[in-house]
Amino acid sequence: TALIVAQVAIAVAVLPWTMYVAGPAVSRGLAEPDYPVQEFLRASLTIEDPISSPAAPPDDSAGAHFLAGAAELARRLEAEPDVAGEAFAGRFPGSEGVVGMEIEGAAGAAAAWVSEIDPDLLTLFDVPVLAGRGFAASDAVPGSTAAVVDRVFAEELLGGRNVLGRRVRLGTDGVGDSPSEDGQGVWLEIVGVVPTFTVPPVFQPSAPKLYR
């Protein structure tokens with residue numbers, strides 16, 4: 001009797017934890033992408049860490065080499081007759097990193113999924129612009145402050161009104177990594193609003209998202 005009672009107690013205690021752990025995996029498996037996956041090829045690019053001694057000075061050439069290689073890859077892809085378009089993103093939509101932020105004129109801190117993308121990535125995936133504008137080529141330059149948010153960001157974090165022209169500063173409350181060197185974040189201006197755009201794996205389909 002004691003053994004049966006112990007087994008039942010363990011099963012009841014473990015079941016909620018098991019569902020908590022397995023839930024995201026089941027959600028990702030059942031999630032439907034927001035684009036025709038059969039028309040796209042997705043790949044990841046990484047930088048190989050150079051082998052150097054601990055006493056060697058830091059080498060900043062790896063980043064420049066990586067960007068040059070990515071530009072060459074884009075050129076070759078654009079030359080392929082069967083390729084309709086290409087785009088790069090720091091994080092693919094649906095797997096962005098969470099970054100804390102300050103919203104101008106709002107009390108307290110907030111957080112959202114943030115990703116750096118090519119100006120034409122949303123256009124490539126036929127993501128419509130609901131308000132304002134999408135990214136332009138002039139936004140892909142150092143010092144650009146343009147940002148595009150999704151509908152969830154506009155409604156949950158900005159109240160759904162007076163979204164365009166609002167400013168946010170990233171990396172100011174300790175959530176996630178700050179994207180600026182001084183650790184204080186930079187002020188970004190929201191220039192457009194788009195629908196929620198996610199692809200598997202989807203952890204939080206309804207989470208607010210910001211693109212820069």
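Small disclaimer: the values here were computed from a predicted structure and weren't measured.
When all heavy atoms of A207 and V152 are compared, the pair lying nearest together is C-CG1, 4.0 Å. Scanning both residues, I103 and A110, for their nearest heavy atoms gives CD1-CB, 4.2 Å. Pairing each heavy atom of A111 with each of M101, the nearest pair is N-CG, 4.3 Å. The minimum heavy-atom distance between P208 and A112, with the atom names listed, is O-CB, 3.4 Å. Taking all atoms of both residues into account, the shortest heavy-atom contact from S144 to L188 is O-CD2, 4.3 Å.
Under the side-chain contact (heavy atoms from CB on, under 4.5 Å) criterion, L73 pairs with L45, L77, F88, not counting sequence neighbours. For E156, there are no side chain to side chain donor-acceptor pair (under 3.5 Å) partners, not counting sequence neighbours. Legend: residues meeting side-chain contact (heavy atoms from CB on, under 4.5 Å) with E104, ordered by chain and number and at least two apart, are R167, W187. Among residues two or more places apart in sequence or in another chain, the side chain to side chain donor-acceptor pair (under 3.5 Å) test is passed with R75 by E72. By the side-chain contact (heavy atoms from CB on, under 4.5 Å) test, V14 is found to be paired with I10, T18, residues two or more places apart in sequence or in another chain being considered.
Taking the side chain as every heavy atom from C-beta outward, V186 and L170 never approach each other to under 4.5 Å. Annotation: side chain of V149 is not in contact with side chain of R166 (no heavy-atom distance under 4.5 Å).
With F153 as reference, V168 is the one residue of V168, V193, V163 to meet the side-chain contact (heavy atoms from CB on, under 4.5 Å) rule.
Separating the CG atom in D150 from the CD atom in E155 is a distance of 9.0 Å, to the nearest 0.5 Å.
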N/O donor-acceptor pairs under 3.5 Å from side chains in residues 120-138, not counting sequence neighbours:
| residue | atom | partner | partner atom | Å |
| --- | --- | --- | --- | --- |
| R133 | NH1 | D139 | OD2 | 2.9 |
| R133 | NH2 | D139 | OD1 | 3.4 |

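For I4, the CD1 atom is loosely surrounded, since the number of other residues' heavy atoms within 6.0 Å does not exceed 12.
Listed by first and then second residue, the side-chain hydrogen bond (donor to acceptor under 3.5 Å, both in side chains) pairs involving residues 77-88 amount to none (not counting sequence neighbours).
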